[in-house]
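Reckoned from all heavy atoms, side chains included, excluding hydrogens, waters and symmetry mates.
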2 protein chains.
Amino acid sequence: MSKPSNTVVTIAENESVEEEKNLKLILDRAKDQSKLCPVRDVIHRISDKWSLLSILALGTHGTLRFNALKKEIGDVSQRMLTVTLRNLEEDGFVSRKIYAEVPPRVEYQLTDMGQGLMQQALQLADWANTQLPAIISSRKKFKKG
Amino acid sequence: MSKPSNTVVTIAENESVEEEKNLKLILDRAKDQSKLCPVRDVIHRISDKWSLLSILALGTHGTLRFNALKKEIGDVSQRMLTVTLRNLEEDGFVSRKIYAEVPPRVEYQLTDMGQGLMQQALQLADWANTQLPAIISSRKKFKKG
DNA sequence: CAGTATCCCTACCGATACTG
DNA sequence: CAGTATCGGTAGGGATACTG
């Protein structure tokens, strides 16, 4: 398990100055909750119960119709899948194509930006996987103490 | 604006097979909502209203006492800051040191894992910043259409 | 098939008051 | 100073019924 050094901001020495400036910018932006903040926005979008799952499902299958996606995810309700997909579509992460047929056919797939989002999520997932044992042990310790 | 290619999973050609395997593992893990899933867990932790802000504040200042952190964040209530910090402490992202003094002094700082989490958040923030214009324009289009 | 509409319930969050 | 305790509001989410 690679351990970051114990300086406050820990990156390669020569990048730390710029990174620290960047950090303050992001912090300031996040602090003003009246203005819109990209990080909070993106996190908020993927943090609801079904968005991440929808993105991963579309990422693995490429294109899915509404009911196929619903079946793939499992226990999502019709209502919540609709809401989730509309939100993802609104922000440009998912595209929705309607075919004028009877019965209707609607196909969903990730946009390029949606695939980028999925990559970000997968990076986070990799990190989270490596940290999992530490998190679990920390929780146990917390309960006892 | 760098555009990912239009294959389903887009990374360097030679990494794509392993990455795709990885993706399915993560998807399967995320689908079973009864078991604990590292990604969902971590996202859930940073997606509440004050966690990310607390992490960034501690990241820029190193160590902060309760009221200093409260002042730094701005409009967080005492209750919510306490709840937030306890959650972060429970998962091992923040350490809490109590000094047996009168009046009491309590110091918070990021653990190594907490700094790692901040780095992950900053990466996501960088990406989110570059995507912001596209997201905004997508929202506008959505409203009109 | 792919959605709306409605109702209800729970989790998160804020304000206020109190305390070791 | 650094917290708890209590209450009440709001947004997310589920079940069910209905529809172009």
Side-chain angles (χ1 to χ4, degrees), chain A residues 30-31 33-34 36 40-54 57-58 61 63-91 94-109 142 145, chain B residues 30-31 33-34 36-37 40-41 43-54 57-58 61 63-91 94-109 142 145:
Chain A
K31 272 163 69 179
Q33 313 229 359
S34 62
L36 105 179
R40 297 182 68 88
D41 253 42
V42 169
I43 291 179
H44 185 253
R45 177 82 2 272
I46 63 174
S47 71
D48 61 37
K49 200 168 178 184
W50 304 110
S51 288
L52 191 59
L53 235 32
S54 302
L58 289 172
H61 291 88
T63 299
L64 286 173
R65 298 178 62 170
F66 185 87
N67 276 335
L69 182 52
K70 185 173 186 307
K71 193 179 168 191
E72 171 65 29
I73 292 179
D75 54 352
V76 63
S77 71
Q78 204 166 22
R79 178 184 120 84
M80 286 318 297
L81 185 55
T82 302
V83 170
T84 301
L85 289 170
R86 285 301 177 289
N87 287 336
L88 290 172
E89 189 196 356
E90 177 169 8
D91 282 4
V94 159
S95 72
R96 177 168 172 260
K97 278 184 195 141
I98 308 165
Y99 296 85
E101 303 172 3
V102 180
R105 179 160 59 105
V106 179
E107 287 183 350
Y108 291 92
Q109 62 176 18
F142 186 83
Chain B
K31 272 161 71 178
Q33 313 228 359
S34 63
L36 104 180
C37 165
R40 298 182 68 87
D41 253 42
I43 291 179
H44 185 253
R45 175 86 0 271
I46 63 173
S47 71
D48 61 35
K49 200 169 177 184
W50 305 109
S51 288
L52 190 60
L53 235 32
S54 302
L58 289 172
H61 291 88
T63 300
L64 285 173
R65 298 178 62 170
F66 185 86
N67 276 333
L69 182 52
K70 186 172 184 306
K71 193 180 169 191
E72 172 64 29
I73 292 178
D75 54 353
V76 63
S77 71
Q78 204 167 21
R79 180 184 119 84
M80 287 318 298
L81 185 56
T82 301
V83 171
T84 301
L85 289 171
R86 285 302 177 288
N87 288 335
L88 290 171
E89 189 196 355
E90 177 169 9
D91 282 5
V94 159
S95 72
R96 176 168 172 260
K97 279 185 195 140
I98 309 165
Y99 295 85
E101 301 173 4
V102 180
R105 179 161 58 107
V106 179
E107 287 183 349
Y108 292 91
Q109 62 176 21
F142 187 84

Could you list all N or O pairs between the protein and nucleotides 15-20 of chain D that sit under 3.5 Å apart?
none

*Look at the side chain of B/N67 and decide which nucleotide, out of C/dG14, D/dG3, D/dC1, has an atom nearest to it.*
D/dC1

*Just jot down the side-chain hydrogen bond (donor to acceptor under 3.5 Å, both in side chains) partners of B/N67, sequence neighbours excluded, or say none.*
none

*Where at least one partner belongs to residues 67-78 of chain B, residue pairs that pass salt bridge (Lys or Arg N to Asp or Glu O under 4.0 Å), sequence neighbours excluded*: A/K31-B/E72

_Contacts of type side-chain hydrogen bond (donor to acceptor under 3.5 Å, both in side chains), residue A/E107, not counting sequence neighbours_ = A/Y99, A/R105

*By side-chain hydrogen bond (donor to acceptor under 3.5 Å, both in side chains), which residues pair with A/T63, not counting sequence neighbours?*
A/Q109

*May I have the distance from B/Q33 (atom CD) to D/dG14 (atom P), rounded to whole angstrom?*
8 Å

*asked:* Test of understanding: with side chain to side chain contact (heavy atoms under 4.5 Å, CB included), list the residues that count as partners of B/D48, not counting sequence neighbours.
replied: B/R45, B/S51

*Considering only side-chain heavy atoms of A/R65, which listed nucleotide, C/dA2, C/dG3, D/dG3, is closest?*
C/dA2

*Residue-level proximity of residues 81-90 of chain A to DNA chain C when a heavy atom falls under 4.0 Å*: A/T82, A/R86

*Duplex segments of DNA chain D, taken as runs of at least three Watson-Crick or G-U pairs that stay under 3.5 Å*: C:1-20 with D:1-20

_side chain to side chain donor-acceptor pair (under 3.5 Å) contacts in which one or both residues fall within residues 76-88 of chain B, not counting sequence neighbours_ = B/R86-B/Y108

